[in-house]
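As structure tokens, the structure follows; a few thoughts come after it.
Model, not experiment: these values are computed from the prediction.
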Amino acid sequence: MSECPHHGSHLITKYTHACVRLEHDGRALVIDPGSWSEPAALTGADAVLVTHEHTDHIDVLRLAGLGVPVYAPAEANIERLEVTGVSSGAEFTAAGFRVRAVGGRHAFIYDGQPDCANLGYIVDEAIYHPGDSLYVPEQPVETLLVPAQGSWMKTAEAIDFVKAVKPQRAFPIHDAQINDRGLSSANGWLAEETGSSYRYLRRHPLSERDRLVRDGWA
């Protein structure tokens, strides 16, 4: 684990689909542990951020038994789970990480649907997880977790999103509904059109997760 100027030493671990775990100084913050993500993502977690109410981003039963703070959009329809409601523009601390909520609505699939709250989270002024949205934040970010595929987006939109955010580096999330051939194509287009900042996180050979040591989140 190497040191990052201004932000110290961090570790990102990508689990299946949109689930990402951030670790720093013995603390762990997990974003979007959905029904497809591995239970290990939550082992030892100190807090959880949920971007929106869809089950591929939140596993309510798993979180209900976890006993740690869960932050989610104040407008989200999440039953059988106590959450701390968050609104766009809010700034707070979760598990010792500084968090800013941005955006507000889920990207549409068709005819204005789904119309549900969706918040992106900027963590430690450096890492941006947009959930199911391509909202471009006003502030610069070092690392963008870019959705690679979804029924609510096109590859061209993902490319434009990376170009608009202009991160130092970008890594794909939201990729569990695409097969290897489709994923290879999406990765090829994103890498070619957005430059050297984009890299796909390959699975660790001994686990079902992708690990990234931050050297500037590189």
Tell me whether I12 shares a hydrophobic cluster with V99, the cluster being built from Ile, Leu, Val, Met, Phe, Trp, Tyr side chains joined at under 4.5 Å.
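In one cluster: yes.
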V86, I78: one ILVMFWY side-chain cluster at the under-4.5 Å cut-off?
no
Donor-acceptor under 3.5 Å ([X] side chain, [Y] main chain):
X    : Y    : value
R21  : T13  : no
T194 : L190 : yes
D124 : A126 : no
R100 : I122 : no
S88  : G103 : yes
E142 : P167 : no
R199 : P172 : no
S133 : P130 : no

Take V20 and H129 through the test side-chain contact (heavy atoms from CB on, under 4.5 Å) and record every step on the way to the result.
CA-CA 9 Å; V20 175; H129 189 307; 4.3 Å; yes
Please report, to 0.1 Å, the donor-acceptor pairs under 3.5 Å made by any side chain of residues 44-52, with sequence neighbours excluded.
residue : atom : partner : partner atom : Å
D46     : OD2  : A28     : N            : 2.8
T51     : OG1  : D32     : OD1          : 3.3
T51     : OG1  : D32     : OD2          : 2.7
H52     : ND1  : N118    : OD1          : 3.0
H52     : NE2  : H54     : ND1          : 3.4
H52     : NE2  : D132    : OD2          : 3.3

Closest heavy-atom pair and its distance - [X], [Y]:
X    : Y    : result
A148 : A186 : O-CB, 4.2 Å
Y71  : P69  : CE1-CB, 3.8 Å
T16  : S37  : O-CB, 3.9 Å
P114 : A107 : CD-O, 3.9 Å

Just so I know, are the side chains of [X] and [Y] near enough to count as touching, which here means a heavy-atom distance under 4.5 Å?
X    : Y    : result
L29  : V123 : yes
F161 : V136 : yes
Q177 : W36  : yes
P33  : D59  : no
Y15  : V30  : no
V60  : L63  : no
V70  : E82  : no
F171 : K14  : no

Can the positive tip of R169 be found less than 6.0 Å from the middle of the six-membered ring of Y198, inside 45° of the ring normal?
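Output no; distance or angle outside limits.
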Is the distance between the ring centroids of Y128 and Y121 under 6.0 Å?
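Ring-ring flag for Y128/Y121: false, centres at least 6.0 Å apart.
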Give the intermediate values and the outcome of side-chain contact (heavy atoms from CB on, under 4.5 Å) for residues E53 and H106.
CA-CA 10 Å; E53 62 198 47; H106 192 290; over 6 Å; no
Let's go through Y200 and L183 carefully: what are the C-alpha distance in whole Å and the side-chain angles of both, what is the deciding distance for side-chain contact (heavy atoms from CB on, under 4.5 Å) to 0.1 Å, and is it a yes or a no?
CA-CA 10 Å; Y200 182 67; L183 184 59; 3.3 Å; yes
Should the heavy atoms of other residues, nucleotides or ligands under 6.0 Å from [atom1] of [X] be counted, would the total exceed 12?
X    : atom1 : answer
E75  : CD    : no
W189 : CH2   : no
D115 : CG    : yes
Q139 : CD    : yes

Derivation and outcome, side-chain contact (heavy atoms from CB on, under 4.5 Å), residues F97 and R27:
CA-CA 9 Å; F97 295 83; R27 296 172 281 106; 3.6 Å; yes
Inspect the contact between D160 and K154 and indicate whether a charged nitrogen and a carboxylate oxygen are less than 4.0 angstrom apart.
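Salt bridge: no.
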So H174 and H17, would you call those rings parallel, tilted or perpendicular, with 30° and 60° as cut-offs?
tilted
Using side chain to side chain donor-acceptor pair (under 3.5 Å), reason through T143 and Q168 one step at a time and then give a plain yes or no.
CA-CA 6 Å; T143 297; Q168 294 181 21; over 6 Å; no
